[in-house]
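Here is the structure we will look at.
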Number of protein chains: 2
Amino acid sequence: MKNRNFLFGDDEGTCDIKVIHEESINRAKDALLDEDTYVELSETFKLFGNPTRLKILTLLAVEDLCVCDICEALAMSQSAVSHQLKTLRAKNLVKYTKEGKQARYSLADKHVIEILKIGIEHVLE
Amino acid sequence: MKNRNFLFGDDEGTCDIKVIHEESINRAKDALLDEDTYVELSETFKLFGNPTRLKILTLLAVEDLCVCDICEALAMSQSAVSHQLKTLRAKNLVKYTKEGKQARYSLADKHVIEILKIGIEHVLE
DNA sequence: TGTACATATGAACATATTATCATATAACGA
DNA sequence: TCGTTATATGATAATATGTTCATATGTACA
């Protein structure tokens, strides 16, 4: 089973690394969220991890825009922009309404601007 | 099929769609930051776009921990954790102090917890 | 109708990311 | 010194990502 060492704590057997600060580990582990939550969270943050999407979000923070407006503003292809809008939609960061031939996009979530602001604060320090 | 521009030859491959809302485009474009800032920003946000790193940040939000504590808490290899800590260090999200053989890691930036909180709010809605 | 316009999307390719493996470094005790 | 422990890191392979190309869908208007 386990090797027991009263001075330095239990050895975990399968893991070859000694547990050094068991109390701290337990407190920290209690704060961990569900695996599913972390996957969801990471997928959402991943959307902020790309310059093109950050630019789109910046634009939409100022003005609701249709797809071709965004293409024009960023000098990017319609396809590239449309694909990115799709991924942003999938995680509820943007929404759109159909207006005739056009699709008018806007931010879907108040958190988007908050996250952008804090991120900018961080990198500008 | 592709439109051809007889004055300037083939278009630049960017966007041959007509400008629909020029005023809006100009206002939105004014809000855009430097390209370099977006690259920096995206690299920082990218760090939040991975479940392992999110877990590490959660742990460090509660307790300063050494590398093997984190390995233990996440049941992950020392190498994987160490690599992720390196990337987190590179963007100033965590810092560490050497204590003998160990390296005690902690959050380096107050923004980390704020960003985590807002992200969690978003996904839990 | 037919045609141009606005957007969406599947496939494919190049690049980026992440965990693993093997190994290096560095501190400590015997 | 040697051996053990704690951490760091280069190389690699599997997977994910982002743009382009080609094409599909849907709308408006002559």
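When reading the values below, keep in mind they use all heavy atoms of this one structure, side chains included, and skip hydrogens, waters and symmetry mates. In what follows, chains are A, B, ... by sequence order, proteins preceding strands, each numbered from 1.
The phosphate of D:dT7 (OP1 or OP2) has no side-chain N or O of B:S82 nearer than 4.0 angstrom. Between A:N50 and D:dG18 there is a side-chain N or O to OP1 or OP2 distance below 4.0 Å. OP1 and OP2 of C:dA6 both lie 4.0 Å or more from every side-chain N or O belonging to A:Y105. Residue B:Q84 places no side-chain N or O under 4.0 Å from the OP1 or OP2 atom of C:dT17. In this model, the phosphate group of D:dT17 is not approached by any side-chain N or O of A:R53 to a distance below 4.0 Å at OP1 or OP2.
Atom NZ of A:K98 and atom C1' of D:dT27 are 7 Å apart (whole Å). One interatomic measurement links the two molecules: CD of B:Q78 to C1' of C:dA26, which rounds to 13 Å at whole-angstrom precision. Here C:dA8 presents its C1' atom at 16 Å from NZ of A:K101, a figure rounded to the nearest Å. One atom, CG of B:L88, and another, P of D:dT9, lie 14 Å apart when rounded to the nearest Å. The distance between atom CE of A:M76 and atom P of D:dC21, rounded to the nearest whole Å, is 13 Å. What separates CZ of B:F48 from C1' of C:dT17 is a distance of 18 Å, to the nearest Å. Remark: P of C:dT9 and OH of A:Y96 are 7 Å apart, rounded to the nearest angstrom. Atom-to-atom, CG of B:L85 to C1' of D:dA6 comes out at 13 Å; the value is rounded to the nearest Å.
Residue B:T52 is classed as a sugar-phosphate contact, given heavy-atom separations below 4.0 Å to backbone atoms only. Among the protein residues, A:R104 comes within range of no part of the nucleic acid, since none of its heavy atoms lies under 4.0 Å from any strand. Among the heavy atoms of the strands lying under 4.0 Å from A:A80 is at least one base atom, whether or not backbone atoms are also near.
Both A:A103 and B:E99 lie close to DNA chain C; mapped to their nearest nucleotides by heavy-atom distance, the more 5′-ward contact belongs to A:A103.
Under the 4.0 Å criterion applied to side-chain N and carboxylate O atoms, B:E35 and A:K55 are assigned as salt-bridge partners.
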Please walk me through it: do A:L33 and B:I120 pass side chain to side chain contact (heavy atoms under 4.5 Å, CB included)?
CA-CA 10 Å; A:L33 309 171; B:I120 291 168; 3.7 Å; yes
Quick one: do A:Y96 and A:V67 satisfy side chain to side chain contact (heavy atoms under 4.5 Å, CB included)? Show the steps, please.
CA-CA 10 Å; A:Y96 75 105; A:V67 179; over 6 Å; no
Assess the residue pair A:L59 and A:I70 against the criterion (side chain to side chain contact (heavy atoms under 4.5 Å, CB included)); give the C-alpha distance rounded to whole Å, side-chain angles, the decisive distance to 0.1 Å, and a yes or no.
CA-CA 8 Å; A:L59 295 172; A:I70 299 171; 4.1 Å; yes
If you look only at distance, which donor and acceptor atoms sit under 3.5 Å apart when one is on a side chain in residues 81-90 of chain B and the other is two or more places apart or in another chain?
{"unit_1": "B:Q84", "atom_1": "OE1", "unit_2": "B:R53", "atom_2": "NH1", "d": "2.9"}
{"unit_1": "B:T87", "atom_1": "OG1", "unit_2": "B:Q84", "atom_2": "O", "d": "2.8"}
{"unit_1": "B:R89", "atom_1": "NH1", "unit_2": "B:Y105", "atom_2": "OH", "d": "2.8"}

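Checking B:R27, B:H21, B:K29 one by one against A:E63, the side chain to side chain donor-acceptor pair (under 3.5 Å) holds for a single residue, B:R27.
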Return the polar atom pairs (N/O with N/O) between nucleotides 10-16 of chain D and the protein under 3.5 Å, or none.
{"unit_1": "D:dG10", "atom_1": "O6", "unit_2": "B:H83", "atom_2": "NE2", "d": "2.8"}

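Other residues, nucleotides and ligands contribute only 12 or fewer heavy atoms inside 6.0 Å of the CD atom of A:E23.
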